[in-house]
Protein chains: 2
Amino acid sequence: MTGIAPRPTLEAVAARAGVSRATVSRVVNGGDGVREPLVERVRRAVEELGYVPNQAARSLVTRRHDAVAVVVAEPESRVFADPFFALQLRGISKELTAQDNQLVLLLTEGRDDHARVARYLAGGHVDGALVFSLHLDDPLPGLIQQAGIPTVFGGRPGWNGDRNDVVYVDSDNRGGARDAVRHLVGLGRSRVAHITGALDQTSAVDRLDGYRDVMGDADPRLVAEGDFTPGGGERAMRELLDRCPDLDALFAANDLTASSALRVLRERGLRVPEDVAVIGFDDMLPVAEQTDPALTTVRQDIEEMGRLMARLLLRGVEGEPGSVVLPTTLVRRGSA
Amino acid sequence: MTGIAPRPTLEAVAARAGVSRATVSRVVNGGDGVREPLVERVRRAVEELGYVPNQAARSLVTRRHDAVAVVVAEPESRVFADPFFALQLRGISKELTAQDNQLVLLLTEGRDDHARVARYLAGGHVDGALVFSLHLDDPLPGLIQQAGIPTVFGGRPGWNGDRNDVVYVDSDNRGGARDAVRHLVGLGRSRVAHITGALDQTSAVDRLDGYRDVMGDADPRLVAEGDFTPGGGERAMRELLDRCPDLDALFAANDLTASSALRVLRERGLRVPEDVAVIGFDDMLPVAEQTDPALTTVRQDIEEMGRLMARLLLRGVEGEPGSVVLPTTLVRRGSA
DNA sequence: GGGTGCGGCGAGAGCGCTCTCACCAGGGTG
DNA sequence: CACCCTGGTGAGAGCGCTCTCGCCGCACCC
């Protein structure tokens, strides 16, 4: 329909401003070492022609891309229906935008995709990668490390400790869990139960560890395994009530779990918080605020985690000594 | 730490295979017009050297990028905590991956970002754009159309009709709403209320229109304005009950709204579905299945919408006559 | 006044690829 | 036997940019 406007090149701008290509390039890239009147003339020419640098040409010589890949391994669809990830993505996007970087999103579906992602990353299309490693046995992080590009992980990767060149950003899952359980104990509760998350994820393991830090191994029957989903939470809660009808508090591994637990408790005629005090984890607003009663929970600043991941990556992973663990805060509402 | 492996070039592969650069290029790009033995030799050389084409160099000459931008205007943070978008993104990602395209995610925060996005798109970094235009007064779609790159919209854009060169993918919001309301009427309900979505979004307007298609303008007091959020749903439900205590059914603009309405109804001592039958919209699983009773709702295949958007864009927008509206289905659960 | 230094600018190479074009077989055709 | 295709291959230009290098003019100093 419309004639495609031929995009102006550096050459065109140079001609219009009456200078060389090199000078235009200098101005476009910050203008150091060019005298003011020339800078002005070039700026005007750029403006008038609507010049936009060709990123492909630029990358070809600089070998930089001003682009970062965000890799999300998604073995189960559950992960993606999770506002958690969306918020983190948002934080990442904000930071990248602020630094004039683009966000290339790589979602993987199953094992076959791993090779594809690894090839893409190794292919030098992006300057770095932000990786969400969700499961302990996920081969993806390893493949990516092999690709040899700067990488920051979201959440502590499973193979912990043995590789100290790994940079990650995580919440203080263990500390947050401790705070929650201590709060319950401070309320005078002594039979504090815990529904874990999916234990192939470090966040779930860390939260369980936090619980144990306070409760010790007192009564192992007070711990039931969940999987972060409402369905798993429901099952675990029933299990717990059958095993330990005398429990007087619950620390759930996340808000979704806590929310289903709340339903089971009501169904059994137990009052919250009078009979059983309940605390969740995440502070996912649509969930935590809408339960009845509203959920006391451990807040983690998810968006900030994302932002930090991006910042760490861009500031150059090499310089950074290690990882960042963000603090959590207990948010008191009605349930405990 | 490690010596950075110098990535092999076409030249290197050509040398190893004993052919010219041109021939290697041909093989890498499909191998048409090259005789079998040569193809084999080149393939082996590629394999041995671990050659990966340099996308920047390629784009420089082809002016293609094999990358598509996904633009999400996000005036409110609400949008992003929405699984809706995540699912669509997933569909898009699957389709793009299948076609060897990359997904560049552009999230906009407020007005200032619009110019940035427009510049990026006009800058020819991507081959096309998928745009989620959420609000009627959003200037972004206009700006993007100006950028002159192929575009497919997610959801019918606000400025409807007057531009028939606009391609979009949408659910049959109006038809789905009709089905829902008809179902309620079929249940013998006559006082069917409606809580709308945010009426600056076409999906909300279309669902309201669907409601009116069945109910006519009978009793305007049976319609209350919501905004797709739980808070708005709660307020609207109270309003409705105060105005029309005799209502016996509710069609809510989405599941989140329906879910809060359910809570208000219970709080007022009304039974669902005996006293008031309730239907939502979306079939967002974590929400719709976890309410009490489980929510009857209008399902839209969100992931398929995303996939279709990508397909439409890649298949060449020019050839396509127009837009696609996907059907919805009523999912019966306990609430109606 | 002639060297020396230095900062601003332009010339030109070259990043790794695609694509046009010319070349060169080899096999039909008149 | 000269001719023309036709299909496979290589040579080479050039995409738009950055960056090194060398030149030039202008102090500055001995």
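Computed over heavy atoms, backbone and side chain alike; hydrogens, waters and symmetry mates excluded. Numbered from 1 within each chain, the chains take letters A, B, ... in sequence-line order.
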What is the minimum heavy-atom distance between [X] and [Y], and which atoms define it?
X	Y	value
Arg21(B)	Leu10(B)	O-CD1, 3.8 Å
Val42(A)	Val13(A)	O-CG1, 4.3 Å
Ala129(A)	Leu313(A)	N-CD2, 3.7 Å
His125(B)	Tyr120(B)	CD2-O, 3.1 Å
Val166(B)	Phe153(B)	CG1-CD1, 3.7 Å
Ala56(B)	Ser59(A)	CB-CB, 3.8 Å

**Q.** Partner residues of Tyr168(B) under the ring pair (Phe, Tyr, Trp, His ring centres under 6.0 Å) criterion, sequence neighbours left out
**A.** none
Measure the distance from [atom1] on [X] to [atom2] on [N] and round it to the nearest whole Å.
X	N	atom1	atom2	value
Glu11(B)	dC15(C)	CD	P	10 Å
Leu10(A)	dG12(C)	CG	P	17 Å
Leu38(A)	dG10(C)	CG	P	7 Å
Asp32(B)	dG7(D)	CG	C1'	13 Å
Arg21(B)	dC19(C)	CZ	C1'	11 Å
Glu36(A)	dG8(C)	CD	C1'	14 Å

Polar-atom pairs under 3.5 Å, protein N or O versus N or O of nucleotides 22-26 of chain C: list them with distances, or write none.
none

Q) In a check of side-chain contact (heavy atoms from CB on, under 4.5 Å) between Leu106(B) and each of Val72(B), Leu121(B), Val70(B), which one passes? A) Leu121(B)
Q) Do Val152(A) and Val131(A) come within less than 4.5 Å of each other through their side chains, counting heavy atoms only? A) no
Q | Side-chain heavy-atom pair Thr23(B), Ser20(B) within 4.5 angstrom cut-off | A | yes
Q. Bend across the helix from dG1(C)-dC30(D) to dG30(C)-dC1(D), to 10°, with axes taken over 5 pairs at each end?
A. 60°
Give me the distances for all protein-to-nucleotides 4-7 of chain C N/O pairs that come in under 3.5 Å?
none

Verify the contact: side-chain N or O of [X] to OP1 or OP2 of [N], cut-off strictly under 4.0 Å; return yes or no.
X	N	result
Asn29(A)	dT18(D)	yes
Ser20(B)	dG10(D)	yes
Ser25(A)	dC17(D)	no

Q: Please list residues of residues 55-69 of chain B whose heavy atoms come under 4.0 Å from any atom in DNA chain C, ordered by number; otherwise none.
A: Ala57(B), Arg58(B), Leu60(B), Val61(B), Thr62(B)
Could you tell me whether the side chain of [X] and the main chain of [Y] form a donor-acceptor pair under 3.5 Å?
X	Y	answer
Asp170(B)	Val325(B)	no
Arg7(B)	Val52(B)	yes
Asp127(A)	Val68(A)	no

Q | From CA spacing to verdict: side-chain contact (heavy atoms from CB on, under 4.5 Å), His65(A), Val126(A) | A | CA-CA 6 Å; His65(A) 300 85; Val126(A) 291; 5.5 Å; no
Q | Charged N-O contact under 4.0 Å between Arg307(A) and Glu303(A) | A | yes
Q) Can you tell me how far CZ of Arg41(A) sits from CZ of Arg44(A), rounded to the nearest 0.5 angstrom? A) 8.5 Å
Under 3.5 Å, which protein N or O atoms sit close to an N or O of nucleotides 20-25 of chain D? Give each pair with its distance.
none

